[in-house]
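A short write-up of the structure that comes next.
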Number of protein chains: 2
Amino acid sequence: MEHCCPRYHQAVELIGKRWSGAILAVLIDADRPLRFSELAHAVPQLSDRLLSERLKELEAHGLVLRHCSDDSPRVAYELTGKGRELAPAIAELKAWAQRWMREGEPEFVHAAKPSPDARD
Amino acid sequence: MEHCCPRYHQAVELIGKRWSGAILAVLIDADRPLRFSELAHAVPQLSDRLLSERLKELEAHGLVLRHCSDDSPRVAYELTGKGRELAPAIAELKAWAQRWMREGEPEFVHAAKPSPDARD
DNA sequence: CGGGATCCGAAAGGATACTG
DNA sequence: CAGTATCCTTTCGGATCCCG
């Protein structure tokens with residue numbers, strides 16, 4: 001019985017952190033640098049503060065690069081190679097989600113309404 | 001710009017939840033029903049309460065089956081088909097982690113031990 | 001062994017307001 | 001637009017005790 005190798009554990013905890021997976025998926029899907037507002041628009045339930053926070057974390061871990069080029073009108077975020085190589089994993093997860101997750105069953109949407117989770 | 005399809009979002013939030021990814025990886029890797037204590041041993045930093053909690057969540061979402069068979073000496077947990085089909089995604093993530101994550105850099109281990117590692 | 005209940009501190013998350 | 005700071009609520013998570 002392996003002890004679930006720490007590297008994998010780190011990875012899943014990093015990517016699985018609240019909105020990180022969504023942000024990464026959007027960036028991968030876009031396949032180009034995105035601006036703050038574009039990201040915010042792509043994940044509507046995500047607040048500015050959280051988006052900023054997650055972005056900084058992803059930067060710190062070398063998944064995302066922040067372009068604050070002064071010749072550009074605005075800031076843009078793009079994936080690094082490290083971040084980009086997550087694409088297969090994300091794609092697999094997406095495929096799984098398509099097969100198994102139902103939209104019509106918001107039994108787990110925590111970003112939405114204060115569902116009193118009465119499922120005992 | 002897609003709005004990062006909700007199904008994928010649900011999936012990443014579910015699997016990424018604190019210890020769920022590790023638990024699933026252990027179950028997939030074991031490829032047989034595991035008992036509570038085996039799971040606890042495989043993920044040492046995880047407390048009983050949390051393991052129980054995560055297990056119940058994974059049950060509720062149909063990823064894990066709990067065998068409380070009275071003919072068996074003890075309780076065992078095994079993956080459902082839904083859970084088992086996560087294997088490719090987990091494998092991809094593991095491969096990525098092997099490529100990019102370093103064990104020697106616990107810059108993000110929040111599960112940490114109470115070691116007063118004051119290195120800020 | 002296999003958990004559940006409770007307490008409580010820590011941390012995350014949301015809303016709003018404010019700034020450059 | 002692209003954030004930051006503050007407040008405040010909720011949740012998470014660890015420890016401990018308890019039960020069958």
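Every chain is numbered from 1 and lettered A, B, ... according to where its sequence line falls, protein lines coming before strand lines. None of these values were measured; they are calculated from a predicted model.
- With respect to Arg32(B) and Glu38(B), a salt bridge is recorded, a charged nitrogen being found less than 4.0 Å from a carboxylate O.
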Solution key, residues 89-96 of chain B side-chain donor-acceptor pairs under 3.5 Å, sequence neighbours excluded:
residue: Trp96(B); atom: NE1; partner: Lys82(A); partner atom: O; Å: 2.9

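- When the C1' atom of dG14(C) is taken as reference, atom CZ of Arg54(A) falls 13 Å away, rounded to whole Å.
- Across all non-hydrogen atoms, the minimal contact from Tyr8(A) to Gly21(B) is OH-O, 2.8 Å.
- Rounded to whole Å, the distance from CG on Leu51(A) to P on dC1(D) is 13 Å.
- Rounding to the nearest 0.5 angstrom, the gap separating the CZ atom in Arg66(A) from the CD atom in Glu59(A) is 6.5 Å.
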Under 3.5 Å, which N/O atoms of the protein pair with N/O atoms of nucleotides 2-6 of chain C?
residue: dG2(C); atom: OP2; partner: Ser37(B); partner atom: N; Å: 3.2
residue: dG2(C); atom: OP2; partner: Ser37(B); partner atom: OG; Å: 2.8
residue: dG3(C); atom: OP1; partner: Arg66(B); partner atom: NE; Å: 3.1
residue: dG3(C); atom: OP1; partner: Arg66(B); partner atom: NH2; Å: 2.5
residue: dG3(C); atom: OP1; partner: Tyr77(B); partner atom: OH; Å: 2.9
residue: dG3(C); atom: OP2; partner: Tyr77(B); partner atom: OH; Å: 2.7
residue: dG4(C); atom: OP2; partner: Ser52(B); partner atom: OG; Å: 2.2

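- At whole-Å resolution of the value, NE2 in His67(A) and P in dG3(D) are 13 Å apart.
- For Glu57(B) and Arg54(B), the salt-bridge test passes: some basic side-chain N is under 4.0 Å from an acidic carboxylate O.
- Comparing the local axis fitted to the first five base pairs of the helix from dC1(C)-dG20(D) to dG20(C)-dC1(D) with the one fitted to its last five gives a bend of 40°, rounded to 10°.
- Atom CD1 of Ile15(B) sits about 12.0 Å away from atom CD1 of Ile15(A), to the nearest 0.5 Å.
- Residue Lys17(B) contributes atom NZ, which lies 15 Å from atom P of dA12(C) at whole-angstrom precision.
- Expressed to the nearest 0.5 Å, how far NE2 of His61(A) lies from CG of Leu14(A) amounts to 5.0 Å.
- Rounded to whole Å, the distance from CG on Leu46(B) to C1' on dG14(D) is 11 Å.
- Contact annotation: the side chain of His67(A) never approaches that of Tyr77(A) to less than 4.5 Å [non-hydrogen atoms, C-beta and beyond].
- Atom pair Trp19(B):CH2 and dG13(D):P shows a separation of 9 Å (rounding to whole Å applied).
- Glu57(B) has its CD atom 11 Å from the C1' atom of dC12(D), to the nearest Å.
- Distance Leu50(A) CG to dT10(D) C1': 13 Å, rounded to the nearest Å.
- Using a distance-only test at 3.5 Å, with no hydrogens or angles considered, a donor-acceptor pair links the side chain of Thr80(A) to the main chain of Leu63(A).
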